[in-house]
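Have a look at the structure below, then the notes.
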Amino acid sequence: MPRLLAKVRNRLKLHLVKPVVALARRRARAGKIARYLGSTAEPGLIIGAGTQRREGWLASDLEPAGSDVVPIDATRPLPFPDRSLAYVFAEHMIEHIDYRAGQRLAGEMFRILRPGGVVRIATPDLARMARLMNEPLDTEAQAYVDWNNGAFGEHVNNRPSFVLNRVMHWWGHRFLYDQPTLADLLTAAGFTALEMPAVGESRHARLRGLEHHGAVVPEAMNRFETMVIEGTRPS
């Protein structure tokens with residue numbers, strides 16, 4: 001009986017402690033966000049930052065890599081006031097959530113951006129990956145297949161089919177976009193003036209040179225596989 005009572009007490013204690021800890025974490029996060037928003041005239045949020053940091057930007061991630069990163073689950077409402085940000089940036093992140101979650105995220109990005117605010121999304125280009133199946137490949141595409149199969153090992157006769165399957169199924173990928181599908185997603189959320197700049201380029205000075213994926217994979221391979229889209233919240 002004493003052992004049973006101890007188990008009940010421990011479970012009750014855990015049941016009571018968890019909400020208190022969660023509330024404390026939410027309050028700490030809210031305080032960090034509020035301090036950041038009050039520190040700059042052009043606040044910018046990185047969603048799914050991983051290890052990347054950009055001066056003047058607030059980094060966030062589902063699993064923060066440091067105390068300077070705000071814990072955020074991008075499949076849930078974003079913990080920011082309406083119209084509070086000038087920029088939102090997500091690199092090689094949206095493909096890790098399913099399409100419905102992507103729709104909700106686009107809506108949340110629109111909500112938290114101020115009028116004239118800009119979202120920038122970088123993600124693998126499904127159309128370009130699918131075109132790898134149309135042999136013969138040009139020099140750039142063949143270089144990508146050679147690198148991808150060489151880097152990740154599992155393949156037979158260096159076939160592009162292995163590359164396409166990796167991009168579709170590895171690394172926790174849930175839904176890959178081509179440009180029209182991603183443009184539709186942002187347009188449905190309310191974004192206008194959509195642009196498709198190259199990796200690292202933008203007509204907005206604050207959005208240039210942001211991409212970090214080229215530090216994870218060779219830069220030429222990153223530029224081949226990645227598409228970028230920007231959208232503006234209308235004034």
Side-chain angles (χ1 to χ4, degrees), residues 9-98 100-123 172 174 185-186 189-191 202 204-213 215-216 230-235:
R9 282 196 298 268
N10 288 337
R11 288 181 180 176
L12 180 60
K13 183 179 179 180
L14 185 62
H15 178 73
L16 295 173
V17 166
K18 276 186 174 181
V20 173
V21 172
L23 178 61
R25 287 176 177 170
R26 286 196 298 271
R27 285 178 173 172
R29 181 180 67 182
K32 185 176 291 187
I33 290 172
R35 287 191 295 274
Y36 170 73
L37 292 177
S39 71
T40 177
E42 287 195 316
L45 171 68
I46 302 176
I47 298 178
T51 60
Q52 71 171 302
R53 305 290 185 272
R54 292 291 182 267
E55 185 176 355
W57 289 75
L58 181 66
S60 72
D61 202 277
L62 179 62
E63 299 179 352
S67 59
D68 56 336
V69 181
V70 175
I72 287 179
D73 182 349
T75 66
R76 301 176 64 84
L78 300 178
F80 292 84
D82 294 356
R83 304 183 174 200
S84 58
L85 293 168
Y87 301 100
V88 175
F89 173 57
E91 180 188 16
H92 283 257
M93 173 268 152
I94 197 169
E95 67 272 16
H96 292 271
I97 59 179
D98 63 37
R100 296 300 180 190
Q103 287 181 306
R104 293 191 294 270
L105 176 60
E108 281 293 287
M109 290 172 166
F110 186 87
R111 177 185 67 80
I112 65 178
L113 279 168
R114 60 182 62 161
V118 181
V119 61
R120 180 180 177 96
I121 296 175
T123 188
R174 300 290 301 278
L185 187 84
L186 293 183
F191 289 101
S202 176
H204 305 279
R206 189 79 181 280
L207 298 176
R208 294 175 196 148
L210 279 180
E211 277 74 38
H212 175 77
H213 196 61
V216 179
E230 293 180 358
T232 300
R233 174 166 179 161
S235 299

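Quantities reported herein were computed from a predicted structural model and do not represent experimental measurements.
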With a 4.5 Å cut-off on side-chain heavy atoms, are [Y] and [X] touching?
X: Arg54; Y: Leu210; value: yes
X: Thr51; Y: His212; value: yes
X: Leu78; Y: Val88; value: no

**Item:** Non-neighbouring partners of Arg83 that pass salt bridge (Lys or Arg N to Asp or Glu O under 4.0 Å), sequence neighbours left out
**Value:**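 With neighbours one apart ignored, the set is empty.
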**Prompt:** Can you list the residues that meet the salt bridge (Lys or Arg N to Asp or Glu O under 4.0 Å) rule with Glu211, with sequence neighbours excluded?
**Reply:**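 Result, salt bridge (Lys or Arg N to Asp or Glu O under 4.0 Å) vs Glu211: Arg120.
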**Fill in**
Sequence neighbours excluded, the answer for ring pair (Phe, Tyr, Trp, His ring centres under 6.0 Å) partners of Phe89 is none
So, using side-chain contact (heavy atoms from CB on, under 4.5 Å) as the criterion, who are the partners of [X] when residues are at least two apart?
X: Thr232; value: Val118, Ala193
X: His96; value: Trp171, His173
X: Arg100; value: Asp98, Gln103, Arg104

**Asked** What pair of heavy atoms forms the shortest contact from Leu85 to Phe80, and how long is it?
**Response** CD1-CD2, 4.1 Å
**Request:** Please list, chain by chain and in numerical order, all residues satisfying side chain to side chain donor-acceptor pair (under 3.5 Å) with His213, sequence neighbours excluded.
**Result:** Glu225
**All side chain to side chain donor-acceptor pair (under 3.5 Å) counterparts of Ser60, not counting sequence neighbours** =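 Residues passing side chain to side chain donor-acceptor pair (under 3.5 Å) with Ser60: none at all.
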**Item:** Within residues 39-48 or reaching into it, pairs that qualify as side-chain hydrogen bond (donor to acceptor under 3.5 Å, both in side chains) - sequence neighbours excluded
**Value:** none
**Request:** Scan residues 106-119 for pairs that pass salt bridge (charged side-chain N to carboxylate O under 4.0 Å, His left out), counting only residues two or more places apart or in two chains.
**Result:** Asp82-Arg111, Glu108-Arg111
**Request:** Name all pairs fulfilling the ring-ring contact (aromatic ring centres under 6.0 Å, His included) condition that reach into residues 29-49, sequence neighbours left out, sorted by first residue then second.
**Result:** none
Side-chain donor-acceptor distances from residues 61-73 under 3.5 Å, at least two apart:
{"residue": "Asp61", "atom": "OD1", "partner": "Glu63", "partner atom": "N", "Å": "3.0"}
{"residue": "Asp61", "atom": "OD2", "partner": "Ala49", "partner atom": "N", "Å": "3.2"}
{"residue": "Asp61", "atom": "OD2", "partner": "Gly50", "partner atom": "N", "Å": "2.8"}
{"residue": "Asp68", "atom": "OD1", "partner": "Arg53", "partner atom": "NH2", "Å": "3.4"}
{"residue": "Asp68", "atom": "OD2", "partner": "Arg53", "partner atom": "NE", "Å": "2.8"}
{"residue": "Asp73", "atom": "OD1", "partner": "Thr75", "partner atom": "N", "Å": "3.0"}
{"residue": "Asp73", "atom": "OD1", "partner": "Thr75", "partner atom": "OG1", "Å": "2.7"}
{"residue": "Asp73", "atom": "OD2", "partner": "Thr75", "partner atom": "OG1", "Å": "3.3"}

